[in-house]
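Since we're looking at a predicted model, the values are computed, not measured. Any value given below was found using the heavy atoms of this structure, including those in side chains, with hydrogens, waters and symmetry copies removed. Counting starts at 1 for both ligands and their atoms, in listed order.
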Amino acid sequence: MSKHIETLAIHAGQEPEELTGAVMTPIFQSSTYAQEGVGIHKGYEYSRTGNPTRSALEANIAALESAQHGLAFASGMAATDAVLRMLSPGDHVLAGNDVYGGTFRLFDKEFKRYGLDFSYVDTSVLDQVRVGLRETTKIVWLETPTNPLLNITDLAKVAEILRASPEPPLLVVDNTFATPYLQSPLELGAEIVVHSTTKYLGGHSDVVGGAVATHSEEIFNRLAFLQNAAGAVPGPLDCFLVLRGLKTLPVRMDRHASNATVIAEFLADHPKVEKIYYPFHASHPQREIAMTQMLNGGGMVSFVVNGGAQAARMVAEGTKLFTLAESLGGVESLIEIPAVMTHASVAGSPLEVDPGLIRLSVGLEHVDDLREDLESALQMIE
Ligand code: P1T
């Protein structure tokens, strides 16, 4: 019987513990495991290679992404790093032109030095994907919704384009903004899903982590090798925190989205707001695709105010409930200026972000309080 995601989020990978019956997966805070004889053990030898708390998290994430395999990493960037390490010098990556600044930084400042080629296109425009593919393209890497502009790419269509290539590249989707509750990239034809579990999966801004999910045994074996060989693994307490967050992912995402919908409408109608970005809003150019591909519009809203960068900074510094901070996906609302904060590393590149753009991670506070907070911050500008 295939279970619903709400049920899987609470139970997948988590049986009551055998020795004591503990209902919550214990934090197995051990680096190593006793062996009865040389090489005779209970499946765990050393915690870089495997740890029971981590195994529970990996099984849970695999179940949520309807994948065969899940792997947990020390951060979203560590997960991204492991996927890129599958490539060899001369390989090309076609990447989205509106990805997290740290993703671009890792590609551009590190992997380029090792002989990988990168080019960036707007993957929401299918022709740009078609034209951007090269004989050497091994990975198409994209976010949908993107960070920070919330552009939407039709995953099924991109997967179809890639399958028509003589040697189809892997479609890798960073599903951090949507989460598996809203969107299932593997079911739409992607080979690999990447997450920063720091965000909605953890959900409480108290842990940094990453994950990868895939159907493919071959990709899993390669990534499990890299996870162990390079060693960017999360500790058991961090795995426990993400597991605990995951249990409430569906309920949290529903409220994030209903709050964000109200905030997006409020901003769209506000005389001091020039433009808003929200996937399910009537003004979003890929709204139709978003509505077929995603369960709801998610919790992220970006917008531009009249008065450019200076006015944007005043608003971001003027809110009281929305905390001025990087990151997203926690229960509390956050506000930031991507151009100088999360995406500072894309300055001067084709991925450069409008300095007047404000990004909100809309939290779970009462939406009237959030609206009031934004209203009083917007009053501060001309
Ligand atoms: O921060 P870390 O867990 O390493 O995850 C990196 C990452 C990967 N992918 C996406 C889509 C992300 O948004 C991030 C991290 N982003 C922020 C910190 C931010 O505020 O946008």
Side-chain angles (χ1 to χ4, degrees), residues 57 61 65 71-84 93 95-111 120 123 139 141-153 172-180 182-183 185 190 192-213 227 230 232-235 238-239 241-242 245 256 277 279 294 298-302 316 322-330 332-346 351 353 357-363:
L57 173 61
I61 287 173
E65 286 291 0
L71 288 160
F73 289 87
S75 66
M77 291 321 306
T80 299
D81 178 78
V83 172
L84 268 288
V93 177
N97 68 355
D98 185 50
V99 292
Y100 169 55
T103 302
F104 171 75
R105 180 175 57 197
L106 181 65
F107 291 178
D108 192 62
K109 299 288 183 299
E110 275 310 304
F111 281 110
Y120 301 88
T123 57
I139 281 179
W141 182 288
L142 60 88
E143 296 173 7
T144 179
T146 59
N147 182 0
L149 286 176
L150 305 165
N151 293 323
I152 302 296
T153 290
V172 182
V173 177
D174 183 332
N175 207 22
T176 299
F177 271 36
T179 82
L182 306 193
Q183 167 175 287
I192 298 176
V193 164
V194 171
H195 277 286
S196 167
T197 59
T198 316
K199 313 293 162 30
Y200 289 108
L201 304 197
H204 297 74
S205 305
D206 53 9
V207 63
V208 170
V212 175
Q227 182 195 41
V233 292
D238 288 355
C239 293
L241 288 170
V242 178
H256 278 299
Y277 302 84
M294 296 164 67
M300 302 300 292
V301 179
S302 294
F322 280 87
T323 303
L324 177 61
E326 305 201 2
S327 201
L328 57 120
E332 66 294 309
S333 292
L334 303 179
I335 189 165
E336 67 123 2
I337 307 287
V340 287
M341 295 173 68
T342 53
H343 291 67
S345 55
V346 302
L351 282 74
V353 179
L357 188 79
I358 301 171
R359 191 189 75 181
L360 301 177
S361 174
V362 180

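The NE2 atom of His256 sits 6.5 Å away from atom OG of Ser361, with the distance rounded to the nearest 0.5 Å. The CG atom of Leu360 lies 7.0 Å from the OG atom of Ser302; values are rounded to the nearest 0.5 Å.
Evaluation of the side chain to side chain donor-acceptor pair (under 3.5 Å) rule for Thr176 yields Asp174 as partners, not counting sequence neighbours. Residues forming a salt bridge (charged side-chain N to carboxylate O under 4.0 Å, His left out) with Glu143 (at least two apart in sequence, or on another chain): none. For Glu110, the salt bridge (charged side-chain N to carboxylate O under 4.0 Å, His left out) partners at least two apart in sequence or on another chain are Arg113.
Within 4.0 Å of ligand 1, heavy atoms belong to protein residues Ser75, Gly76, Met77, Tyr100, Glu143, Asn147, Asp174, Thr176, Phe177, Ser196, Thr198, Lys199, Gly209, Glu326, Ser327, Leu328, Thr342, Arg359.
Across every non-hydrogen atom of His195 and Asn175, the tightest pair is CE1-O, 3.2 Å.
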